[in-house]
Amino acid sequence: MKQRIGFELAGCAALAFMLGVASPARAQVTPAEGYTPPDDTPSVKVGGTIFADYTYQLIPTIKDADGNVVHSNAFNLSRAYINITGNISHLVSFRITPDVVRVGTITGADGKPVSLPGVSGTLTYRLKYGYGQLNFDDWTTRGSWLRLGMQQTPVVDYEETIYRYRFQGTIFVDREGFLTSSDLGASAHWVFPTNYGDVHVGVYNGEGYTAPEANDQKAFQVRATIRPFPMIPILKGLRVTGFWDHDHYLMDARKERGVAQVDFENPWLNFGAIFLKAKDQTSATKTEVVADGYSLWATPRTPFGLEALLRYDYLKPNTANLSRKDRLIGGLAYWFPVQKGVAAALLADYEQVRYRNFAPARPREERYALHALFNF
């Protein structure tokens, strides 16, 4: 009798399974319980970045069309990004960013200047970023990815997340023309576990986003950043970085940059120290030029939005002679209280650039400016 009852219960359970009715035992082992699938809904976001300024140049003076000696001054728009970002799925994302630029002399296919009334001298748009990205969050640490297209280069983009004053001027290695902020290529980024740092490595054309590839040479760039004390609150903002760029102008004419830097950020102070070594040989028939220099900057801040900018750059453009260049920047900024993800700031600053032992001699530069940032 007991055996017959057991067979009947087993048969009922089998019938319930076939009809899709969950038995108590089946409900306890549901594999999907507590699992939230990733959101693969395609999305697109549009934002923007504006850098505007009024700059008054004290030294050197210029002459106007009638020969009068005047101080150059102008309202300028140095950046006007339109940022289009989005996700095709949780694995695939993209970015498209055109950037404003002042049109200079336009050259035709024959190499001669082309007259285009109404175009030369105007502000127009060019592409700054345009890339697709494969996210590795499903398989490794969050923030790891592979990119293909026109994209940020490893060291400039990294430094500008800490140095927030690109709207005053670019960082040392970019402003002096040794590195560019964007280039065409492929790169990969991996974040160390437990927030100990990251590595960004890529292969690029090496010409930057403003010029096409000139030959068969490619630039290999790698940046490695270590955060030594990610678990100690007062020291977690300390980072040590090494960067190397190996490239060639031509087959036997090398172009190399080495950068070492230390950065620190916390709610009251950000500072950085950047050290550069560069080697340039534009042709196998020309002598290699070695340059080195450094940049020191600090941005102490208050809890009510006021922040100071202090920066000093020093460059030896050719270590084989006595030419030297230094830049001093000092300013006071106010960052408006806004929600996370947007920014607005005003900066009043003074900048001085001195050229020592240059041939031919170059005059000292001094300028005052009011800069504005709008990021949304």
Side-chain angles (χ1 to χ4, degrees), residues 42-53 76-89 92-109 111 113-114 116 118-135 145-161 166-167 169-171 173-189 200-221 223 245 247 249 255 257 341-343 373-376:
S43 64
V44 177
K45 296 179 180 179
V46 178
T49 302
I50 299 171
F51 296 170
D53 71 84
N76 305 293
L77 187 67
S78 59
R79 282 288 182 272
Y81 290 164
I82 300 173
N83 292 311
I84 304 171
T85 59
N87 297 305
I88 297 174
S89 71
V92 182
S93 57
F94 63 88
R95 176 176 178 177
I96 302 171
T97 301
D99 176 30
V100 71
V101 63
R102 179 79 65 184
V103 178
T105 301
I106 299 174
T107 303
V114 177
L116 294 175
V119 175
S120 297
T122 61
L123 289 170
T124 189
Y125 274 97
R126 62 183 173 188
L127 189 64
K128 179 68 179 286
Y129 304 119
Y131 61 81
Q133 176 174 304
L134 175 62
N135 302 307
W145 41 253
L146 174 69
R147 283 179 183 167
L148 181 64
M150 186 178 288
Q151 58 186 284
Q152 296 94 329
T153 51
V155 77
V156 176
D157 181 65
Y158 159 77
E159 181 68 10
E160 287 180 352
T161 62
R166 184 181 178 89
F167 67 101
T170 52
I171 66 170
V173 292
D174 189 359
R175 190 177 296 198
E176 298 300 338
F178 293 101
L179 294 171
T180 182
S181 58
S182 176
D183 204 346
L184 281 154
S187 73
H189 180 250
H200 186 181
V201 58
V203 178
Y204 305 89
N205 283 345
E207 313 300 329
Y209 67 101
T210 60
E213 174 60 281
N215 48 47
D216 64 335
Q217 302 300 309
K218 295 292 178 286
F220 173 78
Q221 299 184 10
R223 174 187 58 80
D245 176 12
D247 194 4
Y249 288 97
K255 174 184 177 182
R257 282 91 173 91
V342 297
L373 163 70
F374 308 96
N375 185 70
F376 53 92

Chemist: Distance from Leu148 atom CG to Gln133 atom CD, nearest 0.5 Å?
Modeler: 11.5 Å

Chemist: For a quick test of reading the model, state the closest non-hydrogen atom pair linking Asn87 to Phe94 and the distance between them.
Modeler: N-CE2, 3.9 Å

Chemist: Can you check whether Arg175's main-chain N or O pairs, donor with acceptor, with Thr170's side chain at less than 3.5 Å?
Modeler: yes

Chemist: Are Asn375 and Val342 close enough that some pair of their side-chain heavy atoms sits under 4.5 Å apart?
Modeler: no

Chemist: Quick check: does any side chain N or O of Gln221 sit under 3.5 Å from a backbone N or O of Val203, one acting as donor and the other as acceptor?
Modeler: no

Chemist: Is there a side-chain contact between Asp174 and Arg166 (heavy atoms, below 4.5 Å)?
Modeler: yes

Chemist: Return yes if some donor-acceptor pair links the side-chain N/O of Arg79 with the main-chain N/O of Val100 below 3.5 Å, else return no.
Modeler: no

Chemist: Please give me the minimum heavy-atom distance between Ala188 and Leu146, naming the atom from each residue.
Modeler: CB-CD1, 4.2 Å

Chemist: What verdict does the salt bridge (charged side-chain N to carboxylate O under 4.0 Å, His left out) test give for Lys218 and Asp247, after you've listed the backbone C-alpha separation in whole Å, the side-chain angles of each residue and the deciding distance to 0.1 Å?
Modeler: CA-CA 6 Å; Lys218 295 292 178 286; Asp247 194 4; over 6 Å; no

Chemist: I need the Asp53 CG to Phe167 CZ distance, nearest 0.5 Å.
Modeler: 10.5 Å

Chemist: Between Ser93 and Ile88, is any pair of side-chain heavy atoms under 4.5 Å apart?
Modeler: no

Chemist: Quick one: closest heavy-atom pair of Gly206 and Asp183, and the distance?
Modeler: N-OD2, 2.8 Å

Chemist: For Gln151 and Ser182: C-alpha separation, side-chain torsions, deciding distance, then whether side-chain contact (heavy atoms from CB on, under 4.5 Å) applies.
Modeler: CA-CA 5 Å; Gln151 58 186 284; Ser182 176; 5.7 Å; no

Chemist: Which heavy-atom pair separates Leu127 from Tyr209 by the least distance, and what is that distance?
Modeler: O-CD1, 3.8 Å

Chemist: With a cut-off of under 6.0 Å to the ring centre and 45° to the axis, is Arg223 in cation-pi contact with Tyr158?
Modeler: yes

Chemist: For the backbone of Ile96 and the side chain of Asn83, can you confirm whether one donor and one acceptor N or O come within less than 3.5 Å of each other?
Modeler: no

Chemist: Below 4.0 angstrom, N of the basic side chain to O of the carboxylate: do Asp245 and Lys255 qualify?
Modeler: no

Chemist: Going by heavy atoms in the side chains, are Gln152 and Arg95 under 4.5 Å from each other?
Modeler: yes

Chemist: Roughly how far apart are Ser78 OG and Leu123 CG, rounded to 0.5 Å?
Modeler: 10.0 Å

Chemist: Can you see which heavy atom on Asp99 is nearest to which on Ala80, and at what distance?
Modeler: OD1-N, 3.8 Å

Chemist: What's the separation between atom CG in Leu184 and atom CE in Met150, rounded to the nearest 0.5 Å?
Modeler: 4.0 Å

Chemist: State whether the side chain of Asn205 and the backbone N or O of Glu207 hold a donor-acceptor pair below 3.5 Å, judged by distance alone.
Modeler: no

Chemist: Tell me, with the steps shown, if Arg147 and Tyr129 meet side-chain contact (heavy atoms from CB on, under 4.5 Å).
Modeler: CA-CA 11 Å; Arg147 283 179 183 167; Tyr129 304 119; over 6 Å; no

Chemist: Using the side-chain contact (heavy atoms from CB on, under 4.5 Å) rule, take Leu179 and Arg257 through it: C-alpha gap first, then chi angles, then the decisive distance, then the call.
Modeler: CA-CA 8 Å; Leu179 294 171; Arg257 282 91 173 91; 4.3 Å; yes

Chemist: Would Ile82 and Thr97 count as a side-chain contact (heavy atoms from CB on, under 4.5 Å) if you check the C-alpha gap in whole Å, the side-chain angles of each, and the deciding distance to 0.1 Å?
Modeler: CA-CA 5 Å; Ile82 300 173; Thr97 301; over 6 Å; no

Chemist: Donor-acceptor pair, distance only, cut-off 3.5 Å: does the side chain of Thr153 make one with the backbone of Thr180?
Modeler: yes

Chemist: Would you kindly check if the NZ (Lys) or CZ (Arg) of Lys128 is within the cone defined by 45 degrees around the ring axis of Tyr81 and under 6.0 Å from the six-membered ring centre?
Modeler: no

Chemist: What are the two closest non-hydrogen atoms of Tyr204 and Ser187, and how far apart are they?
Modeler: OH-CB, 3.4 Å

Chemist: Answer whether the closest heavy-atom distance between the side chains of Arg102 and Thr124 falls below 4.5 Å.
Modeler: no

